Amino acid sequence: MTAAEESTAWPQVSRPVDHGGLGFGYKWNMGWMHDTLKYVGKDPVHRKHHHGDILFGLHYAFSENFILPLSHDEVVHGKRSILGRMPGDEWQRFANLRAYYSFMFGHPGKKLLFMGCEFGQEREWNHDHSLDWHLLDNENHAGVRALIADLNRLYRTVPALHELDCEASGFEWLVTDDANGNVFAWLRKGFAERTACVAVVNFSPNVYYNYRVRVPFGGKWREALNSDSAHYGGSNVGNAGGVEALQGSGHELNLTIPPLAAIFLVPES
């Protein structure tokens, strides 16, 4: 497998040579990295003016086989660590980080996370020193590591999150117009009809009750992961394990959306 660390708009980097491409297996999505880091680095009160930074990447997300990179380049040379870019007080910074990582894992594309990011290293990376493993004695950093472990597990075990990672047929926006609420929601799909996962991300510090999100079919949807869980250092706002889809002109979930957090819901078989 080969991956191109490529930041230009050169076409077909990850297409076969015999189809006119360069033959790489994957291409780093540098545009996604720049746009989303710019968005999450802003105070939530200003994010509504930059809503498009999150949406724009989906206009070209399936033009290549993309990797979403939070690499060594993003935690050196005065750029600060990923945690160091997060605004607000300590609780908000960690909640922002958990929401951002969850957004990344729910987003189409393979994932690249540089060492130290998985537990929220505070300072920039330095090749002359080891990682700051002592930070894991702090419950907030330990919570980030626990979240990354569970996101990896979720990514592996929910087919909708990986089967059609580089195919447009595996993605559908559900909420794109809630700029004032800083909320995004989308549907990931797998090969089988009921292989689905709804991701809802709230990049505001507000809790939203009775938030309606349409889903493709009825029945109970299990809350497979909630980045606001107390297990990760969150405030434990959520949906008590699951939500029954409401009947109407279509199917909808009536959700409680936690602050600065992401939730993933999957249909029960």
Side-chain angles (χ1 to χ4, degrees), residues 54-55 58 61 68 95-96 98-109 111 143 146-165 167 169-178 181-204 206-269:
I54 297 294
L55 302 176
L58 269 301
L68 309 180
N96 266 299
R98 295 192 303 268
Y100 182 53
Y101 286 163
S102 301
F103 162 75
M104 177 188 190
F105 273 75
H107 194 285
K111 328 301 176 190
L147 174 68
I148 293 296
D150 286 348
L151 284 170
N152 274 312
R153 190 176 300 110
L154 186 76
Y155 185 75
R156 292 196 312 270
T157 57
V158 176
L161 291 178
H162 63 254
E163 284 186 344
L164 296 171
D165 227 358
E167 304 291 334
S169 59
F171 178 88
E172 180 184 343
W173 276 119
L174 301 177
V175 177
T176 61
D177 57 354
D178 192 3
N182 297 345
V183 173
F184 303 86
W186 61 91
L187 179 70
R188 296 297 306 274
K189 308 172 190 177
F191 295 127
E193 181 183 1
R194 288 186 67 88
T195 304
C197 179
V198 169
V200 184
V201 183
N202 176 12
F203 283 119
S204 88
N206 304 314
V207 179
Y208 296 117
Y209 299 99
N210 302 313
Y211 197 102
R212 299 293 185 93
V213 174
R214 62 181 174 85
V215 288
F217 33 77
K220 186 172 183 179
W221 288 68
R222 178 173 58 87
E223 192 174 74
L225 187 142
N226 180 343
S227 72
D228 191 50
S229 167
H231 180 59
Y232 310 130
S235 57
N236 231 26
V237 174
N239 295 277
V243 181
E244 192 79 24
L246 302 174
Q247 300 290 334
S249 56
H251 303 289
E252 288 185 329
L253 300 180
N254 188 14
L255 299 172
T256 297
I257 304 179
L260 295 172
I263 55 175
F264 294 83
L265 301 113
V266 296
E268 291 197 339
S269 57

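In this text, all values refer to a predicted model and were calculated from it rather than measured experimentally. Heavy atoms only: backbone and side chains are in, while hydrogens, waters and symmetry mates are out.
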Student: Please name the pair of heavy atoms, one in V200 and one in A185, separated by the smallest distance, quoted to 0.1 Å.
Tutor: CG2-CB, 4.0 Å
Student: What are the two closest non-hydrogen atoms of A245 and G218, and how far apart are they?
Tutor: CB-CA, 3.8 Å
Student: Roughly how far, to the nearest 0.5 Å, is CZ of F103 from CG of L151?
Tutor: 13.0 Å
Student: Nearest 0.5 angstrom please: R153 CZ to F105 CZ, how far?
Tutor: 11.5 Å
Student: Without swapping roles, check the side chain of R222 against the backbone of G242 for a donor-acceptor pair under 3.5 Å.
Tutor: no
Student: State, with a plain yes or no, whether a side-chain heavy atom of I148 is found less than 4.5 Å away from one of N152.
Tutor: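 I148 reaches N152 side chain to side chain.
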Student: If you compare all heavy atoms of C197 against all heavy atoms of V158, which two are closest, and at what distance to 0.1 Å?
Tutor: CB-CG1, 4.0 Å
Student: Distance check, rounded to the nearest 0.5 Å: N96 atom CG versus L260 atom CG?
Tutor: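 Reported to 0.5 Å precision, the distance equals 4.5 Å.
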Student: Is a donor on one side and an acceptor on the other found under 3.5 Å between the side chain of S227 and the backbone of A262?
Tutor: yes
Student: Test salt bridge (charged side-chain N to carboxylate O under 4.0 Å, His left out) on E172 and R214; report intermediate values, then the result.
Tutor: CA-CA 11 Å; E172 180 184 343; R214 62 181 174 85; 3.0 Å; yes
Student: Quick check: closest heavy atoms across A196 and L187, and the distance to 0.1 Å?
Tutor: CB-CD1, 3.9 Å
Student: Taking only Lys NZ, Arg NE, NH1 and NH2, and the carboxylate oxygens of Asp or Glu, determine whether E252 and R212 approach each other closer than 4.0 Å.
Tutor: yes
Student: Would R188 and F171 count as a cation-pi pair here, with the cationic atom under 6.0 angstrom from the ring centre and within 45° of the axis?
Tutor: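 R188 over F171 ring: no.
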Student: Of the non-hydrogen atoms in V237 and P258, which two are nearest, and what is the gap between them?
Tutor: O-CB, 3.4 Å
Student: Does a side-chain heavy-atom distance below 4.5 Å link V201 with S102?
Tutor: no
Student: Using the ring of each side chain (for Trp, its six-membered ring), is F184 parallel, tilted or perpendicular to W173, with breaks at 30° and 60°?
Tutor: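 Rings of F184 and W173: tilted, as their planes differ by 30° to 60°.
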Student: Okay, side chain of E163, backbone of F191: is any donor-acceptor separation there less than 3.5 Å?
Tutor: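 Yes.
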Student: May I have the step-by-step check of side chain to side chain contact (heavy atoms under 4.5 Å, CB included) for V198 and F264, ending in yes or no?
Tutor: CA-CA 6 Å; V198 169; F264 294 83; over 6 Å; no
Student: Decide whether N202 and Y211 meet the rule of one side-chain donor and one side-chain acceptor closer than 3.5 Å.
Tutor: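 Not at all, the side chains of N202 and Y211 share no donor-acceptor pair under 3.5 Å.
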Student: Can you measure from OG1 (T176) to CG (L55) and round to the nearest 0.5 angstrom?
Tutor: 6.0 Å
Student: Is E268 paired with R194 through a side-chain N to carboxylate O contact shorter than 4.0 Å?
Tutor: no
Student: Should the heavy atoms of other residues, nucleotides or ligands under 6.0 Å from CD of E193 be counted, would the total exceed 12?
Tutor: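 No, not enclosed.
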Student: Should L253 and L246 count as side-chain neighbours, where that means a heavy-atom distance under 4.5 Å?
Tutor: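 A side-chain contact under 4.5 Å is absent here.
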Student: Counting only N and O atoms by type, is there a donor-acceptor contact under 3.5 Å from the side chain of H162 to the main-chain atoms of Y155?
Tutor: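 At least one qualifying donor-acceptor pair exists.
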Student: Evaluate the side chain to side chain contact (heavy atoms under 4.5 Å, CB included) criterion for residues V183 and S204: first the C-alpha distance (whole Å), next the side-chain angles of each, then the deciding distance (0.1 Å), finally the verdict.
Tutor: CA-CA 8 Å; V183 173; S204 88; 5.7 Å; no
Student: Could you verify whether a donor N or O on one side chain and an acceptor N or O on the other, from Y208 and N182, lie under 3.5 Å apart?
Tutor: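 N182 and Y208 do not have a side-chain donor-acceptor pair below 3.5 Å.
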Student: For side chain to side chain contact (heavy atoms under 4.5 Å, CB included), just list the numbers for N239 and L255, CA-CA rounded to whole Å, side-chain angles, deciding distance to a tenth of an Å, and then say yes or no.
Tutor: CA-CA 7 Å; N239 295 277; L255 299 172; 4.0 Å; yes
Student: Could you tell me whether the side chain of K111 and the main chain of M104 form a donor-acceptor pair under 3.5 Å?
Tutor: yes
Student: Identify the two heavy atoms, one from H107 and one from L58, that lie closest to each other, and give their separation to 0.1 Å.
Tutor: NE2-CD2, 3.1 Å
Student: Checking side-chain polar atoms at under 3.5 Å, does N226 have a donor or acceptor matched by the opposite partner on Y232?
Tutor: no
Student: For G106, does its backbone N or O pair with a side-chain atom of W186 as donor and acceptor, under 3.5 Å?
Tutor: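 Checked: pair present.
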Student: Determine yes or no for a side-chain-to-main-chain donor-acceptor pair under 3.5 angstrom, with D228 supplying the side chain and G234 the backbone.
Tutor: no
Student: Run T256 and V207 through side chain to side chain contact (heavy atoms under 4.5 Å, CB included) and show every step you take.
Tutor: CA-CA 7 Å; T256 297; V207 179; 4.2 Å; yes
